[in-house]
Protein chains: 2
Amino acid sequence: MKNTYQRLKILEHLKSVKTHPTAEQVYNKIKPKISTISLATVHRNLNQMAESNQILKLEVKGQYHFDADLSLHQHFVCSECGKIYDLFQPDISEYALDEIDQNKFQVNNVQVIFNGICSKCKKI
Amino acid sequence: MKNTYQRLKILEHLKSVKTHPTAEQVYNKIKPKISTISLATVHRNLNQMAESNQILKLEVKGQYHFDADLSLHQHFVCSECGKIYDLFQPDISEYALDEIDQNKFQVNNVQVIFNGICSKCKKI
DNA sequence: TTCCTAAATGATAATCATTATTATTTAATA
DNA sequence: TATTAAATAATAATGATTATCATTTAGGAA
């Protein structure tokens with residue numbers, strides 16, 4: 001894998017945010033800084049980095065979202081606004097990984113995704 | 001919601017299988033029995049039933065899959081073949097639901113999705 | 001440093017699952 | 001039986017993602 005300027009900047013951006021942007025959202029943020037970058041390049045690099053476990057790839061409401069935080073954490077997805085919240089309760093994921101039968105499956109990771117209504121949407 | 005023959009048959013079929021078919025896979029199975037049914041009808045009904053919590057809607061590899069089993073269970077997705085396996089270890093989901101802060105979020109459900117390689121793909 | 005080559009890029013076209021549209025049909029109620 | 005809101009079938013539109021391909025580039029070898 002070659003260390004291109006584009007990939008470096010994509011990863012840098014993803015690490016700098018606490019949201020879970022889509023490829024297009026990353027593209028929109030980076031485009032002003034690297035005016036020649038193509039949306040396809042952003043897609044390609046995000047997929048490549050997800051494939052090599054440098055970042056996480058999530059599927060929410062028919063779109064892929066990316067997360068540079070590799071720590072054992074969980075997500076909450078609001079079914080109203082679609083926002084993805086981080087939860088940092090490693091014991092939840094650890095419990096799941098402890099319980100699953102590792103003889104039957106070779107487990108690489110576990111995704112714990114809570115669904116519901118976030119406090120912002122509940123108030124409205 | 002009107003009780004149409006199409007919706008009845010879609011739900012019946014989904015309840016009869018242990019796989020987690022996409023809308024198109026459901027359509028292909030039902031089409032021979034209801035020759036006039038439209039793929040859009042299958043999509044519409046599956047979404048409607050998922051919305052009203054009669055079935056589950058899962059996102060795997062860029063496609064929606066549906067599951068009529070509402071019991072508290074987990075999934076394992078093989079990154080090789082893409083097959084979705086069921087796990088029945090309610091304690092895993094219960095632990096997660098116990099741990100999450102219900103004050104901050106109104107949680108409706110939790111999805112626990114393990115990723116890795118299934119035993120079939122590992123052998124090959 | 002220059003050359004070489006596989007890999008990556010940018011631009012754009014293609015894909016394809018899903019959703020929207022609309023005329024027609026139907027379930028359910030009065 | 002009549003009414004009507006909801007659902008259907010058929011098809012078009014959508015849109016995120018992937019594929020294609022000519023051009024450029026990173027990085028190692030000579």
Side-chain angles (χ1 to χ4, degrees), chain A residues 1-14 19-67 77 79-84, chain B residues 1-14 19-67 77 79-84:
Chain A
M1 209 193 284
K2 295 204 296 191
N3 294 317
T4 66
Y5 182 68
Q6 288 87 341
R7 184 180 309 123
L8 177 71
K9 288 297 171 186
I10 289 167
L11 185 56
E12 245 177 33
H13 172 73
L14 199 61
T19 55
H20 305 73
T22 61
E24 195 175 11
Q25 288 169 335
V26 171
Y27 171 76
N28 287 333
K29 285 291 182 184
I30 283 183
K31 180 76 175 170
K33 294 171 189 170
I34 313 170
S35 64
T36 56
I37 202 169
S38 163
L39 176 58
T41 299
V42 177
H43 272 285
R44 236 183 289 117
N45 279 289
L46 288 170
N47 282 334
Q48 206 171 8
M49 290 189 284
E51 192 65 32
S52 57
N53 298 309
Q54 294 178 75
I55 61 173
L56 298 179
K57 187 175 183 177
L58 312 170
E59 294 188 70
V60 176
K61 294 194 172 193
Q63 273 186 268
Y64 290 114
H65 293 253
F66 298 89
D67 186 352
V77 178
S79 56
E80 279 290 312
C81 64
K83 190 173 170 185
I84 304 169
Chain B
M1 210 193 284
K2 294 203 297 190
N3 295 317
T4 65
Y5 182 69
Q6 289 86 341
R7 183 179 311 123
L8 177 71
K9 288 298 171 185
I10 289 167
L11 185 57
E12 245 176 34
H13 171 73
L14 199 61
T19 56
H20 304 75
T22 62
E24 196 174 12
Q25 289 169 335
V26 171
Y27 171 75
N28 287 334
K29 285 291 181 184
I30 284 183
K31 180 76 175 170
K33 295 171 189 171
I34 312 171
S35 65
T36 56
I37 201 169
S38 163
L39 175 57
T41 298
V42 177
H43 272 285
R44 229 183 298 113
N45 279 289
L46 287 170
N47 282 335
Q48 204 171 11
M49 290 188 285
E51 191 66 30
S52 58
N53 298 309
Q54 292 177 76
I55 61 173
L56 299 180
K57 187 176 184 177
L58 312 170
E59 293 188 70
V60 176
K61 294 194 172 195
Q63 273 186 267
Y64 290 114
H65 294 252
F66 298 89
D67 186 352
V77 177
S79 55
E80 280 290 312
C81 63
K83 190 174 170 185
I84 304 169

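Within every chain, numbering begins at 1; the chains are lettered A, B, ... in the order of the sequence lines, protein sequences first and strands thereafter.
Using a 4.0 Å cut-off on heavy atoms, the residues of residues 56-66 of chain B that approach DNA chain C are B:Gln63, B:Tyr64, listed by number. If you check residues 26-55 of chain B against DNA chain C, the residues with a heavy atom closer than 4.0 Å are B:Ala40, B:His43, B:Asn47, listed by number.
Heavy atoms from other residues, nucleotides or ligands lying under 6.0 Å from CD of B:Glu51 number 12 at most. Applying the 6.0 Å contact sphere to CD of A:Glu12 captures more than 12 heavy atoms from other residues, nucleotides or ligands.
When all heavy atoms are compared, the tightest approach of A:Leu14 to A:Pro21 is CD1-CG, 3.5 Å.
The distance between atom OH of B:Tyr5 and atom C1' of D:dA9, rounded to the nearest whole Å, is 16 Å. What separates CG of A:Asn3 from P of D:dT24 is a distance of 22 Å, to the nearest Å. Rounded to whole Å, atom P of D:dA6 lies 9 Å from atom NZ of B:Lys2. Atom CD in B:Gln6 sits about 9 Å away from atom C1' in D:dA9, given to the nearest Å. Look at CG on A:Leu8: it is 11 Å from P on C:dT9, rounded to the nearest Å.
For the pair B:Thr4 and D:dT8, the criterion of a side-chain N or O lying under 4.0 Å from OP1 or OP2 is met.
No donor-acceptor pair closer than 3.5 Å links the side chain of B:His65 to the backbone N or O of B:Leu58.
In this structure the side chain of A:Met49 never reaches within 4.5 angstrom of the side chain of A:Arg44, judged on heavy atoms.
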Considering only distance and modelled atom types, tabulate donor-acceptor pairs under 3.5 Å from the side chains of residues 29-39 of chain A, sequence neighbours left out.
unit_1, atom_1, unit_2, atom_2, d
A:Lys31, NZ, A:Ser35, O, 2.6
A:Lys31, NZ, A:Ile37, O, 3.4
A:Ser38, OG, A:Ala40, N, 3.2

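Each of C:dA8, C:dA28, D:dT8 was ranked by its minimum atom distance to the side chain of A:Met1; first place goes to C:dA8.
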Stepwise, does the side-chain contact (heavy atoms from CB on, under 4.5 Å) test hold for A:Phe66 with A:Val42? CA-CA 11 Å; A:Phe66 298 89; A:Val42 177; over 6 Å; no
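Tested against A:Asn45, the residues A:Lys9, A:Gln54, A:Arg7, A:Gln6 include a single side chain to side chain donor-acceptor pair (under 3.5 Å) partner, A:Arg7.
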